[in-house]
Amino acid sequence: MEREAHLSGKHVGDSSAPSAVRGFTITRGRTVPRVELPFEATLLVSIPSGHRAEPTGPAAQVLEVCDRKSVAEVAAALHLPLGVARVLLADLVAEGHVTVQRTLTRNSSIDERRDLLQRTLQGLLVS
Amino acid sequence: MDSEPSNKQGPASTKIVIAGGFGVGKTTLVGSVSEIDPLRTEALVTDESEGIDDISQVPTKHTTTVAMDFGRITLGEDLILYLFGTPGQKRFWFMWDDLCLGAIGAIVMVDTNRLDEAFSPLDYFEEKGLPFIVALNQFDNGPQFELDAVREALALPSHVPMIRIDARDRESAKTALIRITEYSLEQLASQVPVG
Ligand SMILES: Nc1nc2c(ncn2[C@@H]2O[C@H](COP(=O)(O)OP(=O)(O)OP(=O)(O)O)[C@@H](O)[C@H]2O)c(=O)[nH]1
Ligand SMILES: [Mg+2]
């Protein structure tokens, strides 16, 4: 069923925001993250290892602020568009600089879903 | 992979998506339950993206942005619930695939003055099979409708939960979060595909 007959012509967002200009040039045009990374995923910075080259440029900036923050919080803190922050963070994950705490993903099993949903419901009911 | 912890009860985060037309109260709902002031981020809408159905609607031809406000609720020591509020026009659908990845479900907020603004998000969640509920935000000047009349006007199947809320009220907003989580669990139990 298609309910939407027309688009409302209203102005959306603020195209004068600095991040709109910076955009995906920071990721050299890459918009697809190297690992699946939901916006709510919390990042943990790994202990530096001699085996890994330290990141430079925007990735270094992201690494500096991301510990115990979600992808969305990193984006907000650095005034980066969500998709850009996610590509940079996914690089850091793929390179071993950062690990990710549990979220639901495309691959979550029914048991994992039920577990997380039940924990959320319990938490909401007592909050 | 070391990025995928195996402990089922380990620290985790999850999210609920708050969708609806402009000014329907999305940010208000996020703010009344969040432990932080809603933070604003944005997603880019570029002309390379698939799913833009009418690029002429986008003010700068190459890139524009759409706001996503989010808030956070810590539920016990090990679990964080994020709430993402974002408008639901069809030209943003490609971005919603990202937004909805891993979501518990969605709350579609409806203002009885402008029912048609809910059509697009409803179509989206139905198409994707993401569990959603409809929350009628009662504005002071809005017409009072029976829930059944709104259900009919929105062409909502009878199994989709509908509730009335006041997005400004924390307890009221919380009922919406509880209802979508319960409904998502019910859907899981009945083996309806999720996400
Ligand atoms: N009476 C009443 N007013 C509300 C309610 N929820 C929100 N409002 C008011 O409606 C206005 C718009 O609310 P927002 O939360 O900014 O709406 P939004 O959906 O985030 O708007 P956009 O992000 O601009 O699309 C604000 O002035 C709110 O105070 C409600 O439940 N009842
Ligand atoms: Mg808003």
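All figures in this text were calculated on a predicted structure; none of them were measured in a lab. Below, chain A is the first sequence line, B the second, and so on; all start at residue 1. Basis for what follows: all heavy atoms, side chains included, without hydrogens, waters or symmetry-related copies.
Distance alone, capped at 3.5 Å, is enough to place a donor-acceptor pair between the B:K174 side chain and the A:S127 backbone. B:T41 contributes no side-chain N or O that, together with a main-chain N or O of A:A72, makes up a donor-acceptor pair within less than 3.5 Å.
One hydrophobic cluster, built from ILVMFWY side chains closer than 4.5 Å, cannot hold both A:V93 and B:L101; they sit in different ones. Under the 4.5 Å side-chain heavy-atom criterion for Ile, Leu, Val, Met, Phe, Trp and Tyr, B:F119 and B:V150 are members of the same hydrophobic cluster.
You'll find the side chain of B:I80 stays beyond 4.5 Å of the side chain of A:Q101, heavy atoms only. You'll find the side chain of A:R119 stays beyond 4.5 Å of the side chain of B:T14, heavy atoms only.
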Task: side chain to side chain contact (heavy atoms under 4.5 Å, CB included) between A:E73 and B:Y82, worked out - done: CA-CA 10 Å; A:E73 286 166 324; B:Y82 286 92; 2.9 Å; yes
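For A:T42, the parts lying near chain B are the backbone and the side chain together; criterion is any non-hydrogen pair under 4.5 Å. For B:R170, the part sitting under 4.5 Å from any heavy atom of chain A is the side chain, from C-beta outward, and nothing else. Only the side chain of B:L39 has a heavy atom closer than 4.5 Å to any heavy atom of chain A. Contact annotation for A:A41: only backbone heavy atoms (N, CA, C, O) come within less than 4.5 Å of a heavy atom of chain B. With a threshold of 4.5 angstrom between heavy atoms, B:L81 approaches chain A through side-chain atoms but not through N, CA, C or O. Residue B:F84 touches chain A through its side chain alone, counting heavy-atom pairs closer than 4.5 Å. In this structure, chain B has a heavy atom under 4.5 Å from the side chain of A:V84, while its backbone stays farther away. If you measure heavy-atom distances from A:Q122 to chain B, you find no contacts under 4.5 Å at all.
For the atom pair CG (A:L116) and CG (B:L188), the distance works out to 11.0 Å, reported to the nearest 0.5 Å. The distance from the CG atom of A:L124 to the CD atom of B:E182 is 9.5 Å, given to the nearest 0.5 Å. Atoms CG and CD1, from A:L121 and B:I104 in turn, are 9.0 Å apart once rounded to the nearest 0.5 Å.
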